[in-house]
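Notes follow once the structure below has been shown.
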Amino acid sequence: MTTIQPIRGTHDLLPQEFRKHALVTDVARNVAAAYGYAEMATPIMEFKEIFKRTLGDASDIVNKEMYEIIDRGDAPIVLRPEGTAGVARAVISNGLTQSLPLKYFYAGPMFRYERPQKGRLRQLHQIGIELFGVQDPIGDVEVLSIAYDTLKELGLMNHITLEINTLGDEESRKTYRRHLVTYLKDHHAHLSPESQQRLERNPLRILDTKDEGDKKILKEAPPLAESLTPYSLEMFEKVKEGLELLGIPYKLNPHLVRGLDYYCHTAFEFTTTELGSQGAVLAGGRYDGLMETMGGPSIPGVGWAGGIDRIAMMLKENDLKPLKRPLAIVPMDESIDMKGLVLAKLLQKHGHRVEMTYGGNLSKRLKKATKINACYALILGEKEISSDSVTLKDLESGEQTFIPQIQVVDVLKSKGVL
RNA sequence: GCGGGUGUAGCUCAAUCGGUUAGAGCGCCAGUUUGUGGUACUGGAGGUCGUGGGUUCGAUUCCCAUCACUCGCCCCA
């Protein structure tokens with residue numbers, strides 16, 4: 001079609017789509033605020049080092065999947081691929097660690113150099129929350145509860161499942177990794193090529209494989225639960241107990257793992273089958289090691305991020321509140337337009353949407369008033385102007401009344417419009 | 001990064017087994033209606049058939065490349 005296109009994997013959010021995004025963000029913001037989480041924003045650009053440190057070299061992420069920016073400084077800069085590292089950096093930069101806990105909500109665009117698919121964009125939008133300084137699993141539960149309330153309030157929990165798992169503490173994971181690798185090495189030849197690679201790089205992620213052959217092999221694999229330390233087990237029990245007390249349904253998924261090292265204990269995903277293979281709509285977990293990895297004090301953290309684009313895709317048109325019908329100002333001639341604008345301003349002061357109709361004769365302008373779904377048209381012609389009046393036309397019934405302009409506000413109030 | 005599918009009007013889609021002016025519905029504009037919208041009727045605009053190259057007397061149709069979307073894989077912060 002047209003040769004002028006947006007950058008691959010980026011989208012324009014036209015008003016209708018934008019309203020869905022705004023709804024998701026507003027609901028999450030309000031829920032988070034109710035739990036005492038304050039909104040903040042960090043820059044969209046950060047030094048590459050910020051992400052390099054936290055993400056490590058374990059995956060393609062650092063090398064392949066970040067947008068690097070060329071600027072005149074020496075230090076490489078990237079567009080942020082996710083929100084947590086930036087918030088953690090801000091906490092350290094601003095010396096906010098003096099009074100814990102810290103509770104934050106954020107929303108904004110993230111950038112990932114990936115092959116686009118449905119629900120998988122190069123500029124994506126996320127909402128997220130972070131809780132710093134709470135070691136007790138009550139923090140995990142609170143954070144999960146905020147996610148649940150948000151998706152519930154959006155009316156989506158009928159189509160979404162909460163899956164949780166524990167990765168245990170570092171000791172648990174080390175032990176388990178050893179057991180898993182030992183087991184899988186015996187089956188090395190039968191693993192998929194991808195999993196054979198993962199066995200070297202990041203064996204725990206094999207648990208998350210999509211390959212049927214791998215899945216069969218994993219059925220006999222030693223379960224992670226057996227490697228958990230008593231402390232890790234207790235943590236997880238408390239999380240599950242908390243969810244039950246709050247009436248939040250969940251499914252245990254022992255194969256749910258996170259790709260990066262700083263994650264520990266609780267890992268969770270809210271997933272749906274409605275969006276193809278990009279099923280995770282909101283995900284998070286505990287990251288007690290993150291702050292230290294970034295060079296800050298050792299402060300535990302737990303949080304999540306949700307994909308606004310994906311969540312918005314699950315919303316139906318009628319999930320949006322219908323817009324309030326506007327009033328239409330209909331001057332019958334261009335020479336009267338200014339007077340119309342004055343009348344519009346008067347009514348807009350009452351907080352109502354009042355739109356001018358531009359161009360054309362009365363017929364044209366009424367047509368435009370109908371198109372914007374106005375409830376009333378305020379018609380201004382020679383007759384009206386000469387007597388400081390206005391013709392108020394009910395666009396539903398077609399009835400119209402000729403009233404003095406000074407009475408317009410009262411009449412509209414009596415009709416329940418203002 | 002790897003493999004499959006798709007690309008015709010603003011939108012949803014036809015058609016051409018390679019052949020003259022590429023169609024419809026919706027939407028848009030105008031008129032019937034120079035002080036009355038919604039419904040109806042009439043008319044109109046809008047396409048280098050995603051882009052570039054090749055084969056051919058002739059390509060929207062066949063071939064190649066490229067771009068975008070899409071499905072899956074890798075990765076998943």
Side-chain angles (χ1 to χ4, degrees), chain A residues 1-11 14 46 50-56 58-66 78-88 110-122 124 126 128 192-198 201-202 205 208-211 256-263 267 269 275-280 283-285 287 290 293 303-305 307 328 330-333 336 357 359-377 379-385 391-400 402:
Chain A
M1 241 156 290
T2 36
T3 51
I4 184 150
Q5 285 178 326
I7 292 173
R8 184 177 199 191
T10 68
H11 279 319
L14 300 180
E46 295 275 358
I50 300 291
F51 301 102
K52 215 170 168 178
R53 267 202 208 185
T54 54
L55 300 171
S59 62
D60 292 348
I61 291 174
V62 169
N63 302 318
K64 286 187 181 173
E65 313 227 358
M66 284 201 284
V78 294
L79 295 178
R80 64 182 184 191
E82 55 103 23
T84 303
V87 174
M110 309 292 164
F111 304 85
R112 300 176 179 185
Y113 194 88
E114 296 188 288
R115 177 137 186 183
Q117 279 179 39
K118 184 181 193 168
R120 181 167 204 178
L121 303 168
R122 289 186 169 184
L124 56 141
Q126 289 190 326
S192 65
E194 290 82 17
S195 288
Q196 288 178 358
Q197 276 180 26
R198 282 187 280 233
R201 264 201 330 230
N202 200 346
R205 286 216 49 90
D208 212 8
T209 185
K210 289 175 184 171
D211 187 274
L256 175 59
V257 285
R258 311 257 86 194
L260 305 174
D261 284 346
Y262 57 75
Y263 281 105
E269 278 180 10
L275 300 178
S277 68
Q278 314 311 326
Y287 43 84
L290 177 69
T293 313
W304 50 256
V330 182
M332 287 179 49
D333 186 89
I336 307 176
T357 53
N361 55 22
L362 178 60
S363 176
K364 286 267 147 29
R365 293 197 186 207
L366 280 173
K367 194 171 268 191
K368 283 170 187 166
T370 303
K371 199 179 293 173
I372 61 172
N373 195 31
C375 51
Y376 287 91
I379 301 170
L380 293 171
E382 294 297 334
K383 223 170 17 173
E384 286 80 1
I385 294 301
T391 295
L392 183 66
K393 183 181 176 79
D394 183 332
L395 290 172
E396 202 62 47
S397 66
E399 282 173 38
Q400 51 186 62
F402 192 83

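Keep in mind it's a predicted model, so treat the numbers as computed, not measured. All chains are named by letter (A, B, ...) in the order of the sequence lines, taking the proteins before the strands, and each is independently numbered beginning at 1.
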> Between A:R258 and A:E269, is there a side-chain N and carboxylate O pair less than 4.0 Å apart?
Replying inline: yes
>> Counting only Watson-Crick pairs (N1-N3 plus N6-O4 or O6-N4) and G-U wobbles (N1-O2, O6-N3), all under 3.5 Å, who is the partner of B:U16?
In response: none
> Given B:C74, is OP1 or OP2 found less than 4.0 Å from the side-chain N or O atoms of A:R205?
Replying inline: no
>> At less than 4.0 Å, is any side-chain N or O atom of A:R258 found next to OP1 or OP2 of B:A77? Yes or no.
In response: yes
> Do the side-chain N or O atoms of A:Q117 get closer than 4.0 angstrom to the phosphate oxygens (OP1, OP2) of B:G72?
Replying inline: yes
> Taking only N and O in the side chain of A:R115, is any of them less than 4.0 Å away from OP1 or OP2 of B:C69?
Replying inline: no
>> Could you identify the nucleotide paired to B:C62, looking across every strand shown and requiring Watson-Crick or G-U wobble geometry with both distances under 3.5 Å?
In response: B:G54
>> Would you say A:T391 and A:Q400 are linked by a side-chain donor-acceptor pair, where the criterion is simply a distance under 3.5 Å?
In response: no
>> Nearest to the side chain of A:K364, heavy atoms from C-beta on, is which of B:C73, B:A30, B:G37?
In response: B:A30
> Which part of the nucleic acid, if any, lies within reach of A:G83 when heavy atoms closer than 4.0 Å are counted: base, sugar-phosphate only, or nothing?
Replying inline: nothing
> Among B:A68, B:A77, B:U36, which is the nearest nucleotide to the side chain of A:L362?
Replying inline: B:U36
>> Do A:R112 and A:E82 make a side-chain contact, defined as non-hydrogen atoms from C-beta onward lying under 4.5 Å apart?
In response: yes
> For the side chain of A:K371, counting heavy atoms from C-beta on, which of B:G35, B:C28, B:G72 is nearest?
Replying inline: B:C28
> From the list B:C73, B:G31, B:G37, which nucleotide is the closest neighbour of the side chain of A:K367?
Replying inline: B:G37
> Distance between the P atoms of B:G7 and B:U60, in whole angstroms?
Replying inline: 16 Å
> OP1 or OP2 of B:A77 sitting under 4.0 Å from any side-chain N/O of A:T84?
Replying inline: no
>> I'd like the P distance from B:U55 over to B:G10, given in whole Å.
In response: 32 Å
> Which value, in whole Å, describes the distance between the P atoms of nucleotides B:A24 and B:G46?
Replying inline: 14 Å
>> Give me the distance, rounded to whole Å, that separates B:G44 from B:A59 when you measure between the C1' atoms they each carry.
In response: 31 Å
>> Taking B:U16 as the reference, what is the distance to B:A22 when you measure between their C1' atoms (whole Å, please)?
In response: 8 Å
>> Just N and O in the side chain of A:R365: are any of them under 4.0 Å from OP1 or OP2 of B:G37?
In response: no
> Would you say B:A68 has OP1 or OP2 under 4.0 Å from some side-chain N or O of A:R8?
Replying inline: yes
> Using a cut-off of 4.0 Å on non-hydrogen atoms, how would the nucleic acid contact of A:E114 be classed: base, sugar-phosphate, or nothing?
Replying inline: base
> Is the shortest side-chain N/O distance from A:R80 to OP1 or OP2 of B:A77 below 4.0 Å?
Replying inline: no
